Amino acid sequence: MALVVLFCASRCFRIHTAMKYTLAFAMAAASVATHVPAFAQSATGAPELVQAHFETRVCARPCKKPRVRDWFMFRTPDRLELRDARTPVSEIWRWQSDKSTVAYQYLMHDDKRVIEYAPVDLALIGKTPDWKRLRHIVTEQDLAHLKRVGSTGKTKARPATERWVGRVQGVQIDVRWNPAEALPEQVTYTHPGHAVTVTRLHTGKALPVAVTTESALASYIAVDYADLGDMEHSPDEQVWIRKAMQAPGHEHHDHDAHGH
């Protein structure tokens, strides 16, 4: 996943860019230290639906012209929607009942289309995600490599946070962590040549977009990712498929369509 990438399967907006710059932290073989917050416990009192507005900023060092992207997160225990603020596109990730795999949907809101990916599809195109990183951006394993250096109390406009800092694989990391929702209020990755900062925005207003409900999604035309290759030979289907260039695995179908 790259955005964070994490895995950034969707290249359209990716925090998914942030996810891309998130480190591949070395996982400690031992258990996470006791001073690191346990996510399961932290999330106990969290609301069923977590809604958040984020900004990802990427810039060379020294910074002169940053690349900035806004995006929205809608999170429930088994479902995560990430929506671009600039284009009518969403990604929905679903934690499957086997509690070990993730399914994915690429939503095109203006066209009322959704491309559906089974866990096996994601595996075949190399986009199997880290579910915890998708949901939390920063994981407990990440925090285990950092040091807690302070905290701030809750205010009317801001939640209580903890500050975690450290250097991992040559990258300086600074996290302002919101334990109540198990999300960062801000996280900065400072590389030798560039920096990536993901910041949660608190405007005091309702988000300009809402979560895509299951009833709304039922009105979309659903297409299996595995069927895209056949549809690309249809002139009628090409109209909307061309708009899905940022959908994960699209390059695989491009190659097939051109006989490569």
Side-chain angles (χ1 to χ4, degrees), residues 1-25 27 56 58 69 71-75 78-84 86-137 139 141 196 198 212 217 220-260:
M1 294 205 105
L3 182 149
V4 155
V5 173
L6 270 204
F7 134 38
C8 236
S10 341
R11 293 176 290 279
C12 62
F13 62 94
R14 270 63 170 86
I15 246 183
H16 280 254
T17 299
M19 290 172 169
K20 173 180 184 177
Y21 290 97
T22 290
L23 305 176
F25 288 91
M27 297 300 169
T56 296
V58 182
R69 201 81 181 192
W71 49 280
F72 305 98
M73 171 187 283
F74 303 95
R75 189 185 75 187
D78 297 324
R79 185 184 192 266
L80 176 73
E81 179 177 357
L82 301 177
R83 181 162 181 166
D84 190 13
R86 298 184 185 179
T87 60
V89 171
S90 286
E91 301 176 295
I92 293 180
W93 305 89
R94 299 176 186 272
W95 188 233
Q96 301 299 280
S97 58
D98 61 11
K99 301 305 178 184
S100 64
T101 58
V102 179
Y104 171 81
Q105 295 171 302
Y106 182 87
L107 281 62
M108 304 167 63
H109 297 293
D110 286 354
D111 293 274
K112 298 295 182 181
R113 296 271 186 171
V114 54
I115 303 174
E116 300 186 327
Y117 298 69
V120 65
D121 296 324
L122 296 175
L124 287 173
I125 61 176
K127 301 297 185 181
T128 299
D130 180 329
W131 176 243
K132 287 187 177 181
R133 191 174 299 285
L134 276 175
R135 286 177 48 78
H136 304 291
I137 302 177
T139 69
Q141 288 89 351
V196 180
V198 180
T212 304
L217 191 57
Y220 286 41
I221 298 174
V223 176
D224 288 340
Y225 169 75
D227 294 334
L228 281 182
D230 295 333
M231 300 176 68
E232 286 178 336
H233 298 287
S234 166
D236 292 336
E237 300 294 350
Q238 279 290 336
V239 175
W240 71 268
I241 290 178
R242 287 195 185 96
K243 300 178 184 179
M245 294 298 292
Q246 299 301 326
H250 197 287
E251 65 276 10
H252 294 275
H253 288 299
D254 284 345
H255 294 166
D256 291 342
H258 289 85
H260 295 154

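These numbers were taken from a predicted model, which means no experiment stands behind them.
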If you measure from [atom1] on [X] to [atom2] on [Y], what distance do you get to the nearest 0.5 Å?
{"X": "R94", "Y": "E116", "atom1": "CZ", "atom2": "CD", "result": "8.0 Å"}
{"X": "Y104", "Y": "L134", "atom1": "OH", "atom2": "CG", "result": "10.0 Å"}
{"X": "Y106", "Y": "Q246", "atom1": "OH", "atom2": "CD", "result": "6.0 Å"}
{"X": "Q141", "Y": "K132", "atom1": "CD", "atom2": "NZ", "result": "5.5 Å"}
{"X": "L80", "Y": "R75", "atom1": "CG", "atom2": "CZ", "result": "8.0 Å"}
{"X": "I125", "Y": "Y225", "atom1": "CD1", "atom2": "OH", "result": "4.5 Å"}

Practice item. Please confirm whether the backbone N or O of S100 pairs with a side-chain atom of D98, one donor and one acceptor, at under 3.5 Å? Key: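 Yes, the answer is positive, given that a donor and an acceptor are paired below the 3.5 Å cut-off.
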Nearest heavy-atom pair of [X] and [Y]: which atoms, and what distance?
{"X": "H109", "Y": "V89", "answer": "CD2-N, 3.9 Å"}
{"X": "V114", "Y": "Y220", "answer": "CG1-CB, 4.0 Å"}
{"X": "L122", "Y": "P129", "answer": "CD1-CD, 4.1 Å"}
{"X": "W71", "Y": "R69", "answer": "CD1-O, 3.8 Å"}

Check your understanding: Taking 4.0 angstrom as the limit, do D121 and K127 come out as a salt bridge?
Key -> no
Check your understanding: Is D78 paired with K99 through a side-chain N to carboxylate O contact shorter than 4.0 Å?
Key ->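 Looking at D78 together with K99, the answer is yes, because their closest N to O distance falls below 4.0 Å.
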**Study point:** Side-chain H-bond candidate by donor/acceptor type, S90 with E81, under 3.5 Å
**Key:**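 Yes - a donor-acceptor pair under 3.5 Å links their side chains.
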